[in-house]
Amino acid sequence: MKILVIGGGGREHAMVWKLVQSAAVEKVWCAPGNDGIAQEIECVPLDLKDVKAAADLAEKLGADLTVAGPELPLTLGIADEFARRGLTLLGPARKAAQLEGSKIFSKQFMERHGIPTAAVYGICESAAEAYRALEAVKWPLVIKADGLAAGKGVLVTESPEEARQFVGRVMEKREFGEAGGRVLLEEGLAGEELSYIILTDGKDFLRMAPARDHKRAFDNDEGPNTGGMGVYSIDEILPAALEQKIIETIVRPTLAGLAAEGLPYRGFLYFGLMLTAAGPKVLEYNCRLGDPETEAVLLRADFDLAQACMLAARSSLAGFEAKWLPGASVCVVIASKGYPENPQTGVAIQGLEDAAKTPGAVVFHAGTRKSSGGFCTNAGRVLVVSAAGENLASARRQAYDAVRRIHIEGAHYRSDIGKPRSAKGRAVAENRNA
Ligand code: AMP
Ligand code: GLY
């Protein structure tokens, strides 16, 4: 099997890392990839916005399967383009990718299909409308830019002043561009979050090991929302009864809803869940694997990912069993100085070789490029350092052991990924969400 992976971040590095372990895989390319991935496999230039160029590339390379990593090409119709040309791609068509591409589309989809989610306070088409709507909401309030904003277009707040400022940034200053043309105002939910990710052929599905992301920039869930600062995966966060409930009330109704609306779905589907006192509720859908969930979860995957992807893309997952290693995995994101608001790039990275020698640890490149004599930072999220262990404590120890060997001037990472939360930490988080 020859596989082309589209994308160039830590998630794609982890996918490549896993795919090349498959006995059925002869060749893997990554487009555009990054200089870290290029140390392992061939990377090919590609503009992620150009879905025609992606299909040209798959044709030219003779890829048997193309796997789309990030949301952008999916929301731009990469799957539609491949289908038109009879090329095999894993990922939903443009219309179904709206589950991620438009928070308003996904909210209305959930309402149509009775899928538990936060109550809507308003859907606003202009800043004036949003300011008016703010007069009649309950607090804490969540404001979401409708379109893609790399995880940063969401504000959870109890402050009317902060809410007004955010509306101004999103709808008037257009900090997230077109994504801020409409906003969704919704109920703030309280609870622990869970990333539940499936791979589906539209009917049958297998699930990834359960994972918990850390969206806030700093320890104890302080600071702004980011694309994700680190993840841990252990089975204990998903007891069997909870999983059953998630499947019955969320996963099955979502797959049935997609089918009923004529939106066939082959690919990864990510349910961002809040485990509330009233049961699991959907915060968001993503039409792809999570980043950085993938960098933690794939360390526990004990099955042939290439085969699973091919089955989901082309035939059926019925009868395919995905095994997961017991124990735990953890990944820690090392972010540039200034991330998420204003990340600094071009800063030298030291200690990569030393980190790679840490027993059990794997260093995935998210936003790096080669510079004289080594690597430097090239994006907000720079490296994702992962480790698996027999329990959470050992996975954490190994991951942080490797993290501490890496030096990037001004960079930051969270030191509490997978750490049992203190009563104080919980109180802070609950107070914000309650
Ligand atoms: P989203 O991109 O919609 O997942 O939002 C990003 C993050 O914002 C989530 O992972 C949550 O931490 C938070 N969030 C989103 N929606 C809500 C909500 N209704 N209540 C509380 N927190 C939320
Ligand atoms: N880690 C959250 C996401 O991939 O959107």
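Because the structure is a prediction, the values reported are computed rather than measured. Counting starts at 1 for both ligands and their atoms, in listed order.
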Inset, instruction - Ignoring angles and geometry beyond distance, decide whether L189 reaches within less than 3.5 Å of ligand 1 through its nitrogen or oxygen atoms. - result: yes
Inset, instruction - Decide whether the shortest distance between a heavy atom of G272 and an atom of ligand 1 is less than 4.0 Å. - result: no
Inset, instruction - Tell me, please: is K103 in heavy-atom contact with ligand 1, that is, under 4.0 Å? - result: yes
Inset, instruction - Classify the side-chain pair S415/D219 by whether it contains a donor and acceptor separated by less than 3.5 Å. - result: yes
Inset, instruction - Answer yes when E295 and R11 have at least one side-chain N-carboxylate O distance shorter than 4.0 Å, and no when they do not. - result: no
Legend entry - Contacting atoms of ligand 2, where contact means under 4.0 angstrom from a heavy atom of Y270: 1 (N), 2 (C)
Legend entry - Inter-residue atom distance T117.OG1 - E111.CD, 0.5 Å rounding: 8.0 Å
Inset, instruction - Would you mind listing which atoms of ligand 2 come within a distance below 4.0 Å of any non-hydrogen atom of G290? - result: 4 (O)
Legend entry - Identity and distance of the protein heavy atom lying nearest atom 5 (O) of ligand 2: R288 NH2, 2.9 Å
Legend entry - Interatomic distance, E243 atom CD to I237 atom CD1 [nearest 0.5 angstrom]: 11.0 Å
Inset, instruction - Under 4.0 Å from a heavy atom of M274: give me the atoms of ligand 1 that qualify, with their elements. - result: 21 (C), 22 (N)
Inset, instruction - With heavy atoms under 4.0 Å as the rule, classify the contact between N286 and ligand 2 as side chain, backbone, both or neither. - result: side chain
Legend entry - Close approach of G227 to ligand 2, heavy atoms, under 4.0 angstrom: yes
Legend entry - Derivation of the side chain to side chain contact (heavy atoms under 4.5 Å, CB included) call for Y121 and L141: CA-CA 9 Å; Y121 295 148; L141 171 74; 3.5 Å; yes
Inset, instruction - State whether the shortest distance between N or O atoms of D291 and N or O atoms of ligand 2 falls below 3.5 angstrom. - result: yes
Legend entry - CG-CG distance between L289 and L298, expressed to the nearest 0.5 angstrom: 6.5 Å
Legend entry - D213 neighbourhood, listing ligand 2 atoms whose heavy-atom distance to it stays under 4.0 Å: 1 (N), 2 (C)
Inset, instruction - Examine Y270 together with Y285 and report whether their ring centres are nearer than 6.0 Å. - result: no
Inset, instruction - Find all atoms of ligand 2 within a distance of less than 4.0 Å from any non-hydrogen atom belonging to K215, and give their numbers and elements. - result: 2 (C)
Legend entry - ligand 2 atoms in contact with P292 (distance to a heavy atom under 4.0 Å): 1 (N)
Inset, instruction - Could you grab the distance from atom CG of L258 to atom CG of L269, nearest 0.5 Å is fine? - result: 7.0 Å
Inset, instruction - With atom 16 (N) of ligand 1 as the reference point, say which of E193, E284, K144 has the nearest heavy atom. - result: K144
Inset, instruction - Kindly say whether G228 contributes a backbone atom to a donor-acceptor pair with the side chain of D213 at under 3.5 angstrom? - result: no
Legend entry - Subset of ligand 2 atoms that lie under 4.0 Å from at least one heavy atom of E293: 1 (N), 2 (C), 4 (O)
Inset, instruction - To the nearest 0.5 angstrom, please state how far the CD atom of E193 sits from the CG atom of L275. - result: 9.0 Å
Inset, instruction - For ligand 1, note which part of D213 has a heavy atom under 4.0 Å away: side chain, backbone, both or neither. - result: neither
Inset, instruction - Output the distance between atom CD1 (I197) and atom OG1 (T294), rounded to the nearest 0.5 Å. - result: 5.5 Å
Inset, instruction - Between V142 and ligand 1, find which residue part has any heavy-atom pair under 4.0 Å and reply side chain, backbone, both or neither. - result: side chain
Inset, instruction - Mark up the atoms of ligand 1 that fall under 4.0 Å of a heavy atom belonging to A118, in ascending order. - result: 19 (N)
Inset, instruction - Kindly say whether M229 contributes a backbone atom to a donor-acceptor pair with the side chain of H214 at under 3.5 angstrom? - result: no
Inset, instruction - Can you sort out which atoms of ligand 1 are near G188, meaning under 4.0 Å from one of its heavy atoms? - result: 20 (N)
Legend entry - For N225, atoms of ligand 1 separated by under 4.0 Å from a heavy atom: 7 (C), 8 (O)
